[in-house]
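The structure appears below as structure tokens.
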Amino acid sequence: MKFTSAAHHEKATSRIGLWLGIAFLTCFVTGLISHTIQHPPSWFFWPSRPVDLYRITQGVHVVSGVAAIPLLLAKLWSVYPKLFQRPLVRSLPHALERGSILVLSGAAFFELVTGIFNVAQNYLWSFYFPDAHYAVAWVAVGSILVHIAVKLPVIRRALRRDPLPDPARRAFLRTTLLASGAAVVATAGVTVPFLRDVSALAWRSATGLPVNRTAAAAGVTFDPAWTLDVAGRMFTLEQLAAMPQTTADLPIACVEGWSQSAGWTGVPIADLLAAAGVQPGTAVKVHSMERDGLYRTSVLPGEHTSDPLTLLALRCNGEVLSMDHGYPCRIMAPSRPGVLQTKWVNRLEVL
Ligand SMILES: Nc1nc2c(c(=O)[nH]1)N[C@H]1C(S)=C(S)[C@@H](COP(=O)(O)O)O[C@H]1N2
Ligand SMILES: [Mo]
């Protein structure tokens, strides 16, 4: 392709840059939400309703990240001749501009590639994904801001409407949007129910409710002597099953991208805490039978323990829980990341 072609026009570049900026900002904000729910500072508040709230923010995170990949490729394609222009550095602003593009492209690639591999549950690296993905997100956003600041005059000129857009340029923009849309449709089925059948890459949720970490992988086995410790009071499985049960459609929304709803039945945590003499709305730490493993415990904030749909679930879709889904009981709370829906629970500790 010649460097003078439609793709390399500054208007095309700026238009794609604008879309890419919107996709990245959306991805960044929803990513921050996800990170903060999992590492909540004291001021943080996350509502337990609507039930699908976290499922939606995390779905938007994954979908906007996927949409950004073709946009990033098109953007790089549309500017690449410039990347080889000599001299490499002309002035301080020029050096800043070049440096920011280098950091920006590197960080953006890192985020999108690690994100996709995380969705595929394919960990080809040795670093801890959430920390690295979170840290590099700030680098990406910082360099985007520098890039926009440096390019503002060009962007302003370029984004002004022109009366007669050139057809080749429009075709390039259209192709870029189509590629982005196709990437979304191919993957969004992992989280958007009505796209499940058309998404080629939605293999995680193809058959029934996916399992993340099987009982075997977690080293958890059935223990006939199991009891549940609620703030020092013990409950047997028979006692739990004899308490009034609530059934609700609640999603598991995994940070790895998939989400799926099921009918969960169990004892509301609020009732359990009341039965153990604990004040309603108290935060509790949930412990599981898992010995090690990053997700063997989680914290249920007061907002969640007082919600009548926050369940200690004993059944899924009418059946007793399978070992892999957390037998004898697990947390199923509305608007909560999958990693915090702790399985194989044996203790609720008041915080
Ligand atoms: N004890 C324990 N609970 C856990 C996990 C775990 O590793 N250990 N994984 C979590 C993750 S990441 C998800 S997405 C959900 C998946 O639940 P499922 O396997 O029943 O679909 O369980 C959560 N509960
Ligand atoms: Mo998960």
Side-chain angles (χ1 to χ4, degrees), residues 30-31 33-35 37-39 51-52 54-55 57-59 61-62 114-123 128-131 133-134 190-191 193 196 202-223 226 228-229 248-266 269 284-300 304 310-349:
T30 48
I33 291 175
S34 189
H35 188 87
I37 297 173
Q38 289 167 69
H39 310 87
V51 163
D52 280 321
Y54 179 78
R55 176 186 212 180
T57 63
Q58 188 62 11
H61 181 66
V62 173
T114 54
I116 285 294
F117 275 93
N118 187 56
V119 166
Q121 265 210 323
N122 210 326
Y123 299 96
Y128 180 48
F129 170 80
D131 288 347
H133 197 69
Y134 177 70
V190 292
T191 189
R196 201 144 278 157
W203 70 92
R204 284 297 295 282
S205 46
T207 48
L209 185 62
V211 168
N212 230 12
R213 203 153 160 90
T214 59
V220 176
T221 48
F222 171 68
D223 175 4
W226 177 92
L228 177 74
D229 172 345
D249 268 325
L250 296 171
I252 296 184
C254 182
V255 293
E256 284 166 351
W258 62 270
S259 72
Q260 198 151 311
S261 234
W264 298 92
T265 301
I269 295 288
V284 299
K285 183 167 181 179
V286 180
H287 296 259
S288 73
M289 290 188 268
E290 216 182 324
R291 287 289 154 80
D292 38 42
L294 284 169
Y295 308 120
R296 68 181 187 283
T297 66
S298 68
V299 170
L300 269 174
H304 270 100
T310 298
L311 306 178
L312 185 75
L314 307 178
R315 291 174 167 268
C316 178
N317 293 333
E319 312 260 327
V320 169
L321 287 187
S322 65
M323 271 315 284
D324 285 343
H325 284 307
Y327 182 85
C329 64
R330 75 173 303 163
I331 297 298
M332 273 310 302
S335 181
R336 182 165 161 93
V339 289
L340 305 180
Q341 308 281 33
T342 309
K343 307 195 272 195
W344 314 294
V345 173
N346 64 358
R347 182 176 167 220
L348 301 179
E349 175 196 2

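Read the numbers this way: they start at 1 and go in the same order the structure lists the ligands and their atoms.
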*asked:* For atom 7 (O) of ligand 1, what is the closest protein heavy atom, and at what distance to 0.1 Å?
replied: Arg213 CD, 3.0 Å

*Taking the inter-plane angle between the rings of Trp264 and His325 on a 0 to 90° scale, is it parallel (under 30°), tilted (30 to 60°) or perpendicular (over 60°)?*
perpendicular

_Whether the side chain of Gln58 engages the backbone of Val255 through a donor-acceptor N/O pair (distance < 3.5 Å, no angle test) should be reported._
yes

*Within-4.5 Å side-chain heavy-atom neighbours: Ile331 and Leu340*: no

_Gln341: numbered ligand 1 atoms lying under 4.0 Å from its heavy atoms_ = 22 (O), 23 (C), 24 (N)

_Only heavy atoms of Pro210, strictly under 4.0 Å: list the atoms of ligand 1 that pass._
18 (P), 19 (O), 21 (O)

*Would you sort out whether Leu312 and Leu228 count as a side chain to side chain contact (heavy atoms under 4.5 Å, CB included), showing the intermediate values?*
CA-CA 11 Å; Leu312 185 75; Leu228 177 74; 3.6 Å; yes

*Does Glu290, backbone or side chain, put an N or O under 3.5 Å from an N or O of ligand 1?*
yes

*Heavy-atom contacts with Thr342 under 4.0 Å: which atoms of ligand 1 show up? List them by number with element.*
1 (N), 3 (N), 24 (N)

_Which of the ligand 1 atoms, numbered from 1, are nearer than 4.0 Å to a heavy atom of Ser288_ = 1 (N)

*Among Ser34, Ser259, Ser335, which one satisfies side chain to side chain donor-acceptor pair (under 3.5 Å) with Tyr54?*
Ser34

*asked:* With salt bridge (Lys or Arg N to Asp or Glu O under 4.0 Å) as the test, pick out the partner of Glu290 among Lys343, Arg213, Arg347.
replied: Arg213

_With heavy-atom distances below 4.0 Å as the criterion, list the atoms of ligand 1 near Ile252._
17 (O), 18 (P), 20 (O), 21 (O)

*So, the side chain of Gln260 versus the backbone of Gly208: is there a donor-acceptor pair under 3.5 Å, distance only?*
yes

*Which residue and heavy atom of the protein sit nearest atom 9 (N) of ligand 1, plus the separation*: Asn212 O, 3.9 Å

*Any side-chain donor near an acceptor of the partner, Ser298 and Thr342, under 3.5 Å*: yes

*What protein heavy atom sits nearest atom 12 (S) of ligand 1, and how far away is it?*
Val339 CG1, 3.3 Å

_Looking only at the side chains, is there a donor atom on one of Thr310 and Arg336 sitting less than 3.5 Å from an acceptor on the other?_
no

*Does at least one non-hydrogen atom of Gly293 fall below 4.0 angstrom from an atom of ligand 1?*
no

*Arg296 to ligand 1: N or O pair under 3.5 Å?*
no

_Using a 4.0 Å cut-off to any heavy atom of Trp344, which atoms of ligand 1 qualify?_
1 (N), 2 (C), 8 (N)

_Show the atoms of ligand 1 that are less than 4.0 angstrom away from any heavy atom in Gly338._
10 (C), 11 (C), 13 (C), 14 (S), 15 (C), 22 (O), 23 (C)

_Ligand-side contact atoms (ligand 1) for residue partner Arg330, heavy atom cut-off under 4.0 Å_ = 15 (C), 17 (O), 18 (P), 20 (O), 22 (O)

*asked:* Walk me through whether Tyr134 and His39 qualify under side chain to side chain contact (heavy atoms under 4.5 Å, CB included).
replied: CA-CA 12 Å; Tyr134 177 70; His39 310 87; over 6 Å; no

*Side chain, backbone, both or neither: which part of Lys343 comes within less than 4.0 Å of ligand 1 when only heavy atoms are counted?*
both

